[in-house]
**Student:** 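Here it is: the structure, laid out below.
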Amino acid sequence: MRARDTGGAGPAHAGSGSRRRERIRANLAALRGRVDAACAAAGRSPDDVTIIAVTKTFPASDVRILAGLGVGDVGENRDQEAAPKAAECADLGLRWHFVGQLQTNKARSVARYAHMVHSVDRPRLAAALGARARTEGREVGCLVQVDLDPASEAGVLGPRGGADPRDALAVADAVAAEEGLALAGVMAVAPRGGDPEEAFARLNAVAAEVRARYPQARAVSAGMSADLEAAVAQGATHLRVGTALLDDRGPNVG
């Protein structure tokens, strides 16, 4: 369910930050309009779709603006940026999503602040995250990242990460076996240059297979600024949006 606009991000963001806040407010309104229209076309409720603001390369002050406008879910894809930003914004009560490729040696840090990791694509990473979550006394939600590039080979991670669709259930099993982890669903990035709706339809099929074994794993993280309509049409429950909210940052996530 969407959080409401609280009317401000606090006095620290008045004055010189007011134009930035109004820009983000306008972007958020336009984004919600797109999501509403996509949900209407798909016969879905907008309340069933969570917008994750991907704030890579943007400052913590933008996170505070987003929080003041009612955004409660924030995504990052590099631990070296995410960890300090999450610490700086710890007072906001946000849900932090790690959405980038994750090396096992970063599992300790990510397990300290992430509420959900979208990019679990191999059993070894599930084991590392589970061990660190238990050490931290936390439960971390996990999504199985699926590689939608049809040219990929089984058992080989794609260039943007992700398990081969044929390996997704094995990764889901590895997550489900780890105390401290909660299997929440699946995630994918549409292949560059392909039809995103066709790709997300394949993800939806994998999601159904995972749900058949693990009924609680209902999340489908799919869709970014350019292809969110296709993702909503194919059942996405979480959209990872950066550019449409915070303006162009170059060829990065969102």
Side-chain angles (χ1 to χ4, degrees), residues 30-31 33-44 46 48-54 56-57 75-78 97-102 116-122 125 142-172 184-212 217-254:
L31 173 61
R34 287 177 64 188
V35 173
D36 287 350
C39 286
R44 301 179 60 196
D48 295 334
V49 178
T50 297
I51 294 171
I52 301 170
V54 180
K56 176 185 173 182
T57 77
E76 290 284 340
N77 72 339
R78 292 184 179 177
H97 300 253
F98 191 86
V99 301
Q101 288 184 259
L102 180 60
M116 187 174 289
V117 177
H118 291 229
S119 50
V120 180
D121 53 12
R122 55 203 187 278
L125 178 56
C142 291
L143 303 181
V144 176
Q145 184 176 353
V146 179
D147 179 14
L148 296 180
D149 184 348
S152 294
E153 299 178 14
V156 178
L157 299 184
R160 303 175 84 176
D164 184 279
R166 291 163 287 187
D167 299 328
L169 273 176
V171 179
V186 299
M187 174 273 223
V189 180
R192 293 184 179 95
D195 177 359
E197 189 154 355
E198 183 276 332
F200 294 143
R202 288 188 280 119
L203 177 65
N204 203 358
V206 176
E209 291 179 5
V210 173
R211 280 197 304 273
R218 305 199 64 81
V220 179
S221 172
M224 298 188 288
S225 296
D227 56 19
L228 65 87
E229 286 84 2
V232 170
Q234 292 298 328
T237 63
H238 292 70
L239 305 172
R240 309 179 307 275
V241 181
T243 300
L245 271 177
L246 298 171
D247 300 319
D248 190 27
R249 62 157 75 80
N252 297 317
V253 171

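Model, not experiment: these values are computed from the prediction. Each residue takes its place number in the sequence, starting with 1.
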**Student:** What closest approach, in Å, do P191 and A199 show between heavy atoms, and which atom pair accounts for it?
**Tutor:** CD-CB, 3.6 Å
**Student:** Quick one: OG1 on T50 to CG on L239, what's the gap to the nearest 0.5 Å?
**Tutor:** 8.5 Å
**Student:** Just do the side-chain contact (heavy atoms from CB on, under 4.5 Å) check on V171 and V120 with the steps written out, would you?
**Tutor:** CA-CA 8 Å; V171 179; V120 180; 4.1 Å; yes
**Student:** Let's go through V54 and M224 carefully: what are the C-alpha distance in whole Å and the side-chain angles of both, what is the deciding distance for side-chain contact (heavy atoms from CB on, under 4.5 Å) to 0.1 Å, and is it a yes or a no?
**Tutor:** CA-CA 9 Å; V54 180; M224 298 188 288; over 6 Å; no
**Student:** Any side-chain heavy-atom pair from L31 and V241 closer than 4.5 angstrom?
**Tutor:** yes
**Student:** Roughly how far, to the nearest 0.5 Å, is CZ of F98 from CE of M116?
**Tutor:** 14.5 Å
**Student:** Using every non-hydrogen atom in the two residues, find where F200 and G223 come nearest and quote the distance to one decimal.
**Tutor:** CZ-N, 3.6 Å
**Student:** Please tell me if the side chains of R44 and V232 come closer than 4.5 Å, counting only heavy atoms from C-beta onward.
**Tutor:** yes
**Student:** List the steps and the verdict of side-chain hydrogen bond (donor to acceptor under 3.5 Å, both in side chains) for R240 and S221.
**Tutor:** CA-CA 7 Å; R240 309 179 307 275; S221 172; 2.9 Å; yes
**Student:** If you compare all heavy atoms of D167 against all heavy atoms of A163, which two are closest, and at what distance to 0.1 Å?
**Tutor:** CB-CB, 4.4 Å
**Student:** Can you check whether D121 reaches V144 side chain to side chain, under 4.5 Å on heavy atoms?
**Tutor:** no
**Student:** Just verifying a value: how many Å separate Q234 CD and L203 CG, rounded to the nearest 0.5 Å?
**Tutor:** 9.0 Å
**Student:** Determine, stepwise, if the pair D164 / D147 fulfils side-chain contact (heavy atoms from CB on, under 4.5 Å).
**Tutor:** CA-CA 5 Å; D164 184 279; D147 179 14; 5.8 Å; no
**Student:** State, to 0.1 Å, how close V186 and A207 come at their nearest heavy-atom pair, and which atoms those are.
**Tutor:** CG2-CB, 3.7 Å
**Student:** Using 0.5 Å steps for rounding, measure from the CZ atom of R202 to the CG atom of D195.
**Tutor:** 9.5 Å
**Student:** Measure up the H238 and H97 rings against each other and bin them: parallel (under 30°), tilted (30 to 60°), perpendicular (over 60°).
**Tutor:** tilted
**Student:** Give me the atom names and distance for the closest heavy-atom approach of N204 to R211.
**Tutor:** OD1-NH2, 4.3 Å
**Student:** Tell me if a side-chain donor or acceptor on R218 pairs with a main-chain N or O of T237 at a distance below 3.5 Å.
**Tutor:** no
**Student:** With side-chain contact (heavy atoms from CB on, under 4.5 Å) as the criterion, how do Q145 and S119 come out once you've worked through the C-alpha distance, each side chain's angles and the decisive distance to 0.1 Å?
**Tutor:** CA-CA 5 Å; Q145 184 176 353; S119 50; 3.3 Å; yes
**Student:** To check you understand the geometry: which heavy-atom pair defines the closest contact between A233 and E197, and what is its length?
**Tutor:** CB-OE2, 3.7 Å
